[in-house]
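Just so you know, these numbers use all the heavy atoms, side chains as well, and skip hydrogens, waters and symmetry mates. First listed ligand is number 1; within each ligand, the first listed atom is number 1. These numbers come from a predicted model, not from an experiment.
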Amino acid sequence: MDARNAPLAGQKAIVTGASSGIGAAIARAFAAAGAVVGVNHHGDVAATQAIIDDIARAGGKGIALAADVSVEAEVQAMVRDFVAREGRLDILVANAGIQRDALFAEMRLADWQRVLDVNLTGQFLAAREAVRCFLKQGVVEGVSRAAGKIICMSSVHQVIPWAGHVNYAASKGGVMLLMQSLAQEVAPHRIRVNAIAPGAIETAINRPAWSTPEALKRLLTLIPYGRAGKVDDIAKAALWLASDESDYVTGTTLFVDGGMTLYPAFADNG
Ligand code: BGC
């Protein structure tokens, strides 16, 4: 495989929350680009196996990694087992994320806590294990120009306030400064840390927002580019951020949102 067709050839990646949606698309894209991919899931064994089978049919290699990203011991065991099998870790996509929506006055502490635990603490735990690996490995000639790459899955809601989703928006705002602060800290070690902020991507997490014509019509008023996003829109951005093509990029958030963050309501007003 040459570097153009396989920009991740020889690299080892873990994608959290990869049994569905954006994570699954990233796992497939990374495997197609030559990486061995640890496909993290939280109990969805059949869906994970289907992704690994697809990857194998396409000539790649995926490994199922069960772990709840919010549990320290499980994340540590996941990374330890993967590195024991594959010898190293080059890329982490901290993607696992959930929504537990409620109006603020009705939001249960458990809904607040679970979203922060998975979306923010989960990224902390996975990124910390990855950084520990990258520091040990350093830059390895012939693998990548960086000692390691981390991609945090954020959201347009790291900057767009979102009524009825205070826990989710708070978690993604946290991801933004987790990513930037970590990027600043580890850049001297040649570790790159970036985020992707997807807009409305058609997955299970937001099905009610796009699965009926009326809902989709409403949604499109928020998207200047005129279409909902697809998981591959995000996978392509992730592939670029993970590859040496973006070697000078660190601490940035790549918005992949069809212009959702462009204040479309101001287009003919204000
Ligand atoms: C949320 C989706 C939402 C999108 C745009 C995402 O981060 O998970 O539910 O459709 O942001 O609002």
Point to revise | Candidate with minimal heavy-atom separation from atom 1 (C) of ligand 1, of Glu202, His157, Arg207, Gln99 | key: Gln99
Exercise for review: May I ask you to identify the nearest protein heavy atom to atom 3 (C) of ligand 1, giving residue, atom name and distance to one decimal place in Å?
Suggested key: Trp162 CH2, 3.7 Å
Check your understanding: Would a distance-only check, ignoring hydrogens and angles, find a side-chain to backbone donor-acceptor pair under 3.5 Å from Asn40 to Val15?
Key -> no
Exercise for review: Indicate yes or no: at least one non-hydrogen side-chain atom of Arg227 is less than 4.5 angstrom from one of Asp233.
Suggested key: yes
Review point. Taking non-hydrogen atoms only, is Lys172 closer than 4.0 angstrom to ligand 1 via side chain, backbone, both or neither?
Key: neither
Practice item. Could you check atom 10 (O) of ligand 1 against the protein and tell me its nearest heavy-atom contact, residue, atom and distance included? Key: Asn206 ND2, 3.2 Å
Review point. Would you call Gly199 a ligand 1 contact, heavy-atom distance under 4.0 Å?
Key: yes
Exercise for review: May I ask you to decide if Ala187's main-chain N or O and His189's side chain share a donor-acceptor pair within less than 3.5 Å?
Suggested key: no
Exercise for review: Say whether Trp210 and ligand 1 are in contact under the criterion: heavy-atom distance to a ligand atom below 4.0 Å.
Suggested key: no
**Study point:** Pair Asp68 + Arg114, salt bridge at N-O below 4.0 Å
**Key:** yes
Check your understanding: Does Ser155, backbone or side chain, put an N or O under 3.5 Å from an N or O of ligand 1?
Key -> yes
Check your understanding: Would you say the side-chain atoms of Asp53 and Gln49 include a donor-acceptor pair closer than 3.5 Å?
Key -> yes
Practice item. May I ask you to say whether Glu129 pairs ionically with Arg132, meaning some side-chain N is under 4.0 Å from a carboxylate O? Key: yes
Review point. Does CZ belonging to Arg128 count more than 12 external heavy atoms closer than 6.0 Å?
Key: yes
Check your understanding: Tell me: protein heavy atom nearest atom 6 (C) of ligand 1, and distance?
Key -> Tyr168 OH, 3.6 Å
Check your understanding: Looking at Ile205, which atoms of ligand 1 are within less than 4.0 Å of one of its heavy atoms?
Key -> 8 (O)
